[in-house]
Amino acid sequence: MPSSYQAPSRKDKMQATTHSQTTESNLTHETATVRKILEKKGSDVFSLRPQNTLHEAVVMLRDKKIGAVVVKDAEGKLQGILSERDIVRRLAETPGQTLPQQVEDIMTKTVEVCQPDDALISVLRKMTAGRFRHMPVVDDGVLVGIITIGDVVNYRLTELEYEALQLKQLIVG
């Protein structure tokens, strides 16, 4: 064996640590809010009036490729929400007689809403507990958008992909 050879020691296996991160910086995470989704998605909200027919609602859902429509009165105040599920249930109850009925007859009148500064995790919990997929966003009594459970999940997946990339870069580089 060459005279310069030295057997590895425990000390050799210790990894150098970086001081640019602290436990606090690693565990502190900016709270994801509804506002962040609306910034990317936009605030377009499609709506109908309570007196519109279900046929008009079905056409709007199809044409706009959406799963729910907000119901507002003439002054723009939120009156309810109508989803594909609501329509399907009514179709089963009144086959062949559903499309001429009015939106107000089957819309959900007690609407769960959120605010732009609500944490996404709390919104996701509400949606899961209430078994609904669409939630209007209201700011100071004014409807400013609508988010879906898909929006929340997609936002979180994007966050996770970013976090994984950051970890990979930290480990490799």
Side-chain angles (χ1 to χ4, degrees), residues 14-49 52 54 56-72 76-91 103 106-173:
M14 292 176 57
Q15 298 290 325
T17 58
T18 175
H19 298 285
S20 63
Q21 295 182 356
T22 64
T23 304
E24 183 180 329
S25 70
N26 286 339
L27 296 176
T28 304
H29 191 270
E30 184 179 329
T31 303
T33 62
V34 170
R35 185 179 314 277
K36 293 196 182 282
I37 289 178
L38 290 181
E39 286 170 0
K40 290 182 181 176
K41 178 181 181 175
S43 58
D44 290 343
V45 178
F46 300 105
S47 65
L48 291 172
R49 297 272 168 79
N52 284 111
L54 292 181
E56 292 168 307
V58 168
V59 169
M60 178 179 278
L61 293 171
R62 179 199 65 201
D63 292 349
K64 302 297 183 187
K65 297 180 175 137
I66 55 177
V69 62
V70 172
V71 183
K72 299 191 298 187
K77 185 177 176 206
L78 182 64
Q79 298 295 304
I81 191 166
L82 179 70
S83 72
E84 295 167 322
R85 287 181 182 178
D86 296 327
I87 296 168
V88 168
R89 285 185 188 112
R90 184 53 65 104
L91 282 166
V103 167
I106 70 164
M107 70 182 186
T108 302
K109 294 178 177 117
T110 307
V111 183
E112 289 277 345
V113 299
C114 60
Q115 298 177 346
D117 292 326
D118 286 352
L120 290 182
I121 191 70
S122 67
V123 171
L124 187 57
R125 284 187 179 123
K126 277 185 185 179
M127 290 176 151
T128 303
R131 297 183 54 91
F132 54 89
R133 300 176 298 182
H134 302 84
M135 185 180 279
V137 183
V138 176
D139 193 14
D140 290 327
V142 177
L143 184 66
V144 295
I146 189 166
I147 63 170
T148 68
I149 201 163
D151 295 331
V152 178
V153 169
N154 192 31
Y155 184 89
R156 184 61 183 135
L157 285 175
T158 302
E159 268 189 333
L160 288 171
E161 288 172 355
Y162 177 75
E163 289 170 12
L165 181 62
Q166 293 300 315
L167 283 173
K168 185 177 180 181
Q169 289 176 348
L170 186 65
I171 292 168
V172 173

Which heavy-atom pair separates Gly145 from Val45 by the least distance, and what is that distance?
-> CA-CG2, 3.4 Å
Leu143 vs Val113 side-chain heavy atoms within contact, under 4.5 Å = no
Nearest-0.5 Å distance that lies between atom CD1 in Ile87 and atom CD1 in Ile106 | 5.5 Å
Among pairs that include at least one residue of residues 138-149, which meet side chain to side chain donor-acceptor pair (under 3.5 Å), considering only residues two or more places apart or in two chains?
-> Thr148-Asp151
Distance (rounded to the nearest 0.5 Å) between Leu160 CG and Tyr155 OH | 11.0 Å
Closest approach of Val137 to Leu38 (non-hydrogen atoms, all atoms of both residues) | CG1-CD1, 3.8 Å
Is there side-chain contact between Arg49 and Asn52, with heavy atoms separated by less than 4.5 Å?
-> yes
Considering all heavy atoms of both residues, which atom of Lys41 and which atom of Ile146 are nearest to each other, and what is their separation?
-> NZ-O, 2.9 Å
Arg156 and Glu159: CA distance, side-chain angles, deciding distance, salt bridge (Lys or Arg N to Asp or Glu O under 4.0 Å) verdict = CA-CA 5 Å; Arg156 184 61 183 135; Glu159 268 189 333; 2.9 Å; yes
N/O donor-acceptor pairs under 3.5 Å from side chains in residues 116-128, not counting sequence neighbours:
unit_1: Asp117; atom_1: OD1; unit_2: Arg35; atom_2: NE; d: 3.1
unit_1: Asp117; atom_1: OD1; unit_2: Arg35; atom_2: NH2; d: 2.8
unit_1: Asp117; atom_1: OD2; unit_2: Arg35; atom_2: NH2; d: 3.2
unit_1: Asp118; atom_1: OD2; unit_2: Gln115; atom_2: N; d: 2.9
unit_1: Ser122; atom_1: OG; unit_2: Ala119; atom_2: O; d: 2.8
unit_1: Thr128; atom_1: OG1; unit_2: Leu124; atom_2: O; d: 2.8

Hey, does His134 have a side-chain heavy atom less than 4.5 Å from the side chain of Glu84?
-> no
Pairs under 3.5 angstrom only: tabulate donor-acceptor contacts from the side chains of residues 60-72 to other protein residues two or more places apart or in another chain.
none

Does the Lys36 side chain pair with the main chain of Thr31, one donor and one acceptor, at a distance under 3.5 Å?
-> no
Minimum-distance pair of heavy atoms, taken over all atoms of Pro136 and Glu112 = CD-O, 3.5 Å
